[in-house]
Every structure is written in C-alpha cells, then in structure tokens.
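Within every chain, numbering begins at 1; the chains are lettered A, B, ... in the order of the sequence lines, protein sequences first and strands thereafter.
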Amino acid sequence: MPEGHTIHRLAADIGIRFGGRAVRAASPQGKFADGAALIDGTRLTGTEAHGKHLFLGFAAVGWVHIHLGLYGKVAFGDGPAPAPVGQVRLRLHTGAGYADLRGPTACELITEGEKDAIHGRLGDDPLRTRDDGERAWARVSRSRTSVAALLMDQKVIAGVGNVYRAEVLFRHGIDPYRAGRDLTRAAWDLVWADLAALMREGVRLGRIDTVRPEHLPEVMGRPPRVDDHGGEVYVYRRAGMPCHVCGTEVRTAELVARNLFWCPGCQPAATA
DNA sequence: TAAGTATGTTAAG
DNA sequence: TTAACCTACTTAC
C-alpha cells in the first residue's frame, strides 16, 4: 500500500477521526511504549504528510513521526477498541473509534527541529500544493542518472514509489533508462502534472489506478485486473504479459534493488 | 511448517 | 553493494 498517496490519505483520515481531541495512546507491542505514554491523553493538534513521511502533532509533547516502510499499515475501527490482534506498535483511540499501526519502519517522538530536518532532506511532493516541481526539475535536468532511479529518489521527488514510477513513465512513453538531463522541460512538466493528478486520485480512491478510460478492460475486452495492490495498471508487476496498448511483452529488470517494469514497444530507447 | 514476496529505507562494509 | 529490519499473507513441500 504505502506510496505517497497512502500517507496523505492517512494524514487526512487520522485528522478527521482524532484531530482536535484528546486521544488515548498505547503501544500494545511495547516498542513505542515510552512515546505512547507521553502523548496518552493529550490533544492531537494537527496531521501532516510529506512524501512517505507522516507527522502527527501533539502540541503539548511534539510530533510522532511515522514511516510505514515496505509493509507498515494502519487499520481503523469504530467504537471502543477490541483486544489488539498481532503486533500493534501504536494504538490511538477515543470512545468513538481507534487506529492501529503495525509494522512501520519508523514510529518515534521528535521535536519541531527534527521534523524540519526531515522536510529539508525530502524533495518536492506532487501532493503538496506548495510544491511546483521546480526544485525536482533542477535536479533531474542536471543528472546523468536514469529517470527511473531519479523518480525513486526521495531527495529529488518525495512520495513516488515503485508503482507510480513504472506507470507514469509508461503513460508518457519514456524509456526508464533515459538520463534525467535528456528529458525535455516539456516532458518533465507533463510527468509532474500527471503524477500530481494520479496521486490525488490515489488519495481519493485509496488505491493506484493509472489506466486511461480508453484502455480499461471492459473497453479492451479483457478481464478486469485482480492484483493484491488493488488497482488497474499498465505495466507494474505485469512482466511477460502483453502490453494493454501495443501487445509487446512487458519487461522487468532490477534497478537500484527494486523491480522495474516497462513496455519496450511504448517506451522505446532513444536511438542516436 | 517453511519459504517467498511486497507499493521502503538505512547502516555497514 | 549488501544486509538488515518491520509484518502479514500466499505458496510450496
């Protein structure tokens, strides 16, 4: 689940459920027992997301910084909280509802200054209205690194993960191995705007859908995709299967320790 | 029961 | 560049 859209959605959902109220906090699993004890009973004063980082503000204490990593999850429930199931790092609850955090890479209490430092090392986030992609373009346009690697670099662009990376490159017919500096300004502007739109839709739907209406399965005569990541996509995890648009076999390769997917037909390597 | 996999990041070498 | 870490679920034996 966790690319930037998941985190922004969590910031909004936690804000709606618990914002402005005194909340009870506990760490049933024990790994965040000290932090939970400090915020327990204090008021949640704000929530924020930047890229894949989530910040829960408790003005009286500080910020809870959460990073879900690869398999972290938050589960919500209504009513009084039942006995915790599995490894619950942090449980927030009121009489009206609860949220359970499991498996995060990070769940820690930090100061305003430490939070600023995290923002400082993150790049532009397509989901933050204050970010326009200029800083990201400054990095991309000067880099010999592949655009596929740049899109995964949180210092360059924050919140894009393996799914959005693969899908946005497909949607713009960009060869993932093309160097950042070989992208045109116009191509970058389209990629940035598309990421903002796709991810905003991801926040709204709670899943990653990237297939244009004219390529939807009911139009193309193929069965709807059933995949555990939950959305309709062009190339992500479709290695060896025919491209929805041109029929070429989707390829996969490892790039910076992650699985890259692309269609060589729709995203041809530039020829000199 | 064990192994493998996952939308991620960091620290060690 | 490699390994480690966090959890739950699926697949293989």
- prompt: What about the rings of His67(A) and Phe55(A), do their centers lie closer together than 6.0 Å?
  reply: no
Close aromatic pair by centroid cut-off 6.0 Å: His215(A) and His244(A): no
Expressed as a whole number of angstroms, how long is the span from [X]:[atom1] to [N]:[atom2]?
X         : N       : atom1 : atom2 : result
Ile66(A)  : dG8(B)  : CD1   : C1'   : 15 Å
Leu255(A) : dT1(C)  : CG    : P     : 11 Å
Lys73(A)  : dA8(C)  : NZ    : P     : 9 Å
Leu260(A) : dG8(B)  : CG    : P     : 13 Å
Gln154(A) : dG8(B)  : CD    : P     : 8 Å
Lys155(A) : dT10(B) : NZ    : P     : 9 Å

task: Compare side-chain N and O positions of Lys52(A) against OP1 and OP2 of dT9(B) and report whether any pair is under 4.0 Å apart.
output: yes
query: Can you give the dot-bracket line for DNA chain B, using ( ) for pairs inside the strand, [ ] for pairs that cross earlier ones, | for pairs with another strand and . for unpaired bases, where Watson-Crick and G-U count if both distances are under 3.5 Å?
result: ||||||.|||||.
When you compare the protein's N or O atoms with those of nucleotides 3-6 of chain B, which come within less than 3.5 Å of each other, and at what distance?
residue	atom	partner	partner atom	Å
dA6(B)	O3'	Tyr236(A)	OH	3.3

Non-neighbouring partners of [X] that pass salt bridge (Lys or Arg N to Asp or Glu O under 4.0 Å), sequence neighbours left out:
X         : result
Asp13(A)  : Arg9(A)
Asp124(A) : Arg135(A)
Glu134(A) : Arg185(A)

message: Apply the hydrophobic cluster definition, ILVMFWY joined by side-chain contacts under 4.5 Å directly or through others, and give me every member besides Val88(A).
response: none
query: With clusters built from Ile, Leu, Val, Met, Phe, Trp and Tyr whose side-chain heavy atoms come within less than 4.5 Å, directly or transitively, what are the remaining members of the cluster of Val61(A), listed by chain and number?
result: Ile7(A), Leu10(A), Ile14(A), Phe18(A), Val23(A), Phe32(A), Leu38(A), Ile39(A), Leu44(A), Leu54(A), Leu56(A), Phe58(A), Val64(A), Ile66(A), Leu68(A), Val74(A), Phe76(A), Leu90(A), Leu92(A), Leu101(A), Leu109(A)
Side-chain donor-acceptor distances from residues 139-150 of chain A under 3.5 Å, at least two apart:
residue	atom	partner	partner atom	Å
Ser141(A)	OG	Trp137(A)	O	2.7
Ser141(A)	OG	Ala138(A)	O	3.4
Ser143(A)	OG	Thr145(A)	N	3.0
Ser143(A)	OG	Thr145(A)	OG1	3.2
Ser146(A)	OG	Ala149(A)	N	3.2

side-chain contact (heavy atoms from CB on, under 4.5 Å) involving Asp194(A) - partner list, sequence neighbours excluded: Val168(A), Arg171(A), His172(A), Leu198(A)
query: Does His93(A) have any side-chain hydrogen bond (donor to acceptor under 3.5 Å, both in side chains) partners at least two apart in sequence or in another chain, and if so, which?
result: none
statement: Applying side-chain hydrogen bond (donor to acceptor under 3.5 Å, both in side chains) to Lys155(A) and not counting sequence neighbours gives Asp153(A)
message: Heavy atoms only, 4.0 Å cut-off, all strands: where does Arg121(A) land among base, sugar-phosphate and nothing?
response: sugar-phosphate
- prompt: Hey, does Gln29(A) reach any base, or is it just sugar-phosphate, or nothing, if we go heavy atoms under 4.0 Å?
  reply: sugar-phosphate
- prompt: Going by number, which of residues 100-109 of chain A have a non-hydrogen atom under 4.0 Å from DNA chain C?
  reply: Arg102(A), Gly103(A), Thr105(A)
field: Nearest-nucleotide pick for Glu3(A), side chain only, options being dT7(B), dT7(C), dT9(B)
entry: dT7(B)
